[in-house]
Structure formats: C-alpha cells, structure tokens
Amino acid sequence: MYSSKKTKFLNILCIILALSPGLIRLTRHHFPNVSSNSLICVLYITAVLIWLTQLRLRLLRKEERSYLVFAALLIVFLMVIRTTKYIFIPENTPAARYIWYLYYFPQTYVVLFMFFAVLYTGKPYGCSISPKWKLLHIPALLIVLGILTNDLHQQVFCFLMEPPYSDENYHYGKIFFVIQLWIIICLAAMEVILVFKSRI
C-alpha cells in the first residue's frame, strides 16, 4: 500500500512518542521536580490520537475502524487513570487500589476489540462476522468482575497482610494467570488469522 510522506512522518512520530517514556523512566531521577507520570501520559495519548487520525483516514470499513477506535480510547482511559492514581490519589488507600484494579478493564477489552477488528480483515463489504463471536464478551466481563471484586476473594492479587491492603505486598492468584492467558490467546489468534489471510 502506498504511503505518503505525511503518513510516514506520522508513523515515525508515533514510534518516537511510544518509545520516549522508556527514556524518561531511565532519566527521571535527574529531574525530581518534573512530574514524569504526567509527561508520559501526554506522550502516550498524543501517540494514540495520531494513530486514531490515521485509522480514520486509511480504514474505510466502518466496523473494523470502530473496533480499533474503541481500543484506542481504552488505551487513553488506561493512561488517564494510571496518571490519576500516581499523582492525585494517596498511596495504600481503597481509591488507589480500585483504580489499580481498573487498569485491567482496558487491558482485557483492548485485545478483544482488536481481535474483532482482525476478524473483519479481508471480508467483503456488507459481510459481518458471526454473532457467535460476540459471546467472547462473556469471559471478558467475568474477568473484569473478578478483578473488581478482588477484595472479596483475593484470587487475582493475594495480599500478604490485613487491611489496609498495600499494592506492594502481594502475590498473584489464579485469576491473574487467567487474565494473562486471555491476553496471550487473543494476541496469538490475531496473529494466526492475519498470517492466514495474508497468504490468501
């Protein structure tokens, strides 16, 4: 596919913006008066917004574009709540803990929405994916509910001390590994489908 100079420039800019937070984390101890979390949030959100602009211009199929837009907005949501936790919420409070739990809502659904977008790849216009695929919302919702109710069962994060719980003293429970398996399966399925359709 032909890419204009503007597209190439924006692609390179996105890569630079996405890699910059790593450099900031390595050097932030040299700048103690600068909020590295705020800067990282701005860099990631800028990269996502550029990506969104590219999606809207280059993807003509409405369904595929919509799922990727939802995924991008969830990434923005993740960066906003992460920054809120570290800047505005006191450590080791219930609010900080539940925002931490909420990280896994976008992580769970981003891979699902991207998987749905991949299913539309190569399909003729007017053709939809099977409604059965929408049943994947059920395990995704159960995963999110399992995380948000962790204080009741501690099967995602098992805290090593009594309340107030600390997000530094814990080990992983069974549901945490289910989450990781969900992400790996979704990513692997996307890769297999894309490779297969590319061969065709």
Side-chain angles (χ1 to χ4, degrees), residues 18 21-22 24-26 28-29 32 34-49 51-52 66-118 131-190:
I24 291 171
R25 289 192 178 95
L26 289 174
R28 61 184 171 186
H29 60 279
V34 178
S35 175
S36 59
N37 285 309
S38 297
L39 184 55
I40 288 170
C41 181
V42 170
L43 290 171
Y44 273 131
I45 290 176
T46 303
V48 171
L49 292 177
W51 183 53
L52 271 175
S66 295
Y67 279 122
L68 290 176
V69 168
F70 288 146
L73 293 176
L74 284 174
I75 293 170
V76 171
F77 174 69
L78 173 60
M79 295 311 304
V80 169
I81 61 172
R82 178 190 176 279
T83 304
T84 299
K85 175 182 181 293
Y86 283 106
I87 294 179
F88 301 109
I89 307 297
E91 293 183 9
N92 299 327
T93 61
R97 189 169 66 257
Y98 276 98
I99 289 178
W100 174 41
Y101 293 166
L102 205 55
Y103 288 2
Y104 290 88
F105 165 64
Q107 290 183 45
T108 301
Y109 272 95
V110 162
V111 290
L112 179 60
F113 288 152
M114 292 180 71
F115 176 72
F116 285 157
V118 166
K132 292 180 181 179
W133 287 115
K134 302 297 177 68
L135 293 174
L136 289 175
H137 282 290
I138 296 173
L141 180 60
L142 291 175
I143 286 171
V144 172
L145 291 175
I147 295 164
L148 295 180
T149 58
N150 183 68
D151 282 5
L152 300 177
H153 50 73
Q154 296 205 25
Q155 292 299 308
V156 186
F157 305 107
C158 305
F159 296 104
L160 305 179
M161 56 191 300
E162 295 300 314
Y165 299 126
S166 169
D167 60 5
E168 295 180 356
N169 296 303
Y170 66 90
H171 62 84
Y172 297 121
K174 296 176 182 177
I175 296 179
F176 178 84
F177 296 103
V178 172
I179 298 164
Q180 303 309 305
L181 186 62
W182 166 264
I183 294 172
I184 290 169
I185 289 173
C186 285
L187 292 174
M190 280 188 273

### Message
Using the side-chain hydrogen bond (donor to acceptor under 3.5 Å, both in side chains) criterion, which residues pair with Y103? Sequence neighbours excluded.
### Response
none
### Query
Who pairs with A72 by side chain to side chain contact (heavy atoms under 4.5 Å, CB included), at least two apart in sequence or on another chain?
V48, W51, L52
### Those residues that, when tested against A189, pass side chain to side chain contact (heavy atoms under 4.5 Å, CB included) (two or more places apart)
F115
## Note on the structure
Between the OG1 atom in T84 and the CE atom in M79, the distance rounded to the nearest 0.5 Å is 10.5 Å
### I147 CD1 to I175 CD1 distance, which is reported to the nearest 0.5 Å
8.0 Å
### Query
Could you state the interatomic distance from OG1 (T83) to CD1 (I45), rounded to the nearest 0.5 Å?
6.5 Å
#### Entry: I87 side, atom CD1; R82 side, atom CZ - distance, nearest 0.5 Å
9.0 Å
### Query
So which pairs with a foot in residues 133-150 pass side chain to side chain donor-acceptor pair (under 3.5 Å), sequence neighbours left out?
Y101-N150, T149-H153
### Message
Would you say the rings of Y170 and Y172 are close, in the sense that their centroids are separated by under 6.0 Å?
### Response
yes
## Note on the structure
Closest heavy-atom pair, A71 versus V110, reported as atoms and distance to 0.1 Å, is O-CG2, 3.6 Å
#### Entry: Pairing residues for F70 by the ring pair (Phe, Tyr, Trp, His ring centres under 6.0 Å) criterion, not counting sequence neighbours
F113
### Query
Where the side chain of Q154 meets the backbone of G173, is there a donor-acceptor pair that is under 3.5 Å apart?
no
## Note on the structure
Tested for side-chain contact (heavy atoms from CB on, under 4.5 Å) against P106, the lone hit among L78, L73, I75, V144 is L78
### Query
Could you state the interatomic distance from CG (L148) to CG (L102), rounded to the nearest 0.5 Å?
6.0 Å
### Message
With a 6.0 Å cut-off on the ring centroids, do W182 and Y104 count as close?
### Response
no
### Query
Between CG of L74 and OG1 of T108, what distance do you get to the nearest 0.5 Å?
10.0 Å
### Query
Which residues pass the side chain to side chain contact (heavy atoms under 4.5 Å, CB included) test with L187, sequence neighbours left out?
V111, I183, M190
### Task
For the pair F116 and L68, evaluate side-chain contact (heavy atoms from CB on, under 4.5 Å) and give the outcome as yes or no after the intermediate values.
CA-CA 9 Å; F116 285 157; L68 290 176; over 6 Å; no
### Task
Can you see which heavy atom on L112 is nearest to which on A140, and at what distance?
CD2-CB, 4.0 Å
### Query
Should D151 and R97 count as side-chain neighbours, where that means a heavy-atom distance under 4.5 Å?
yes
### Query
If you look at every heavy atom in T46 and V42, which pair is closest and at what distance?
OG1-O, 2.7 Å
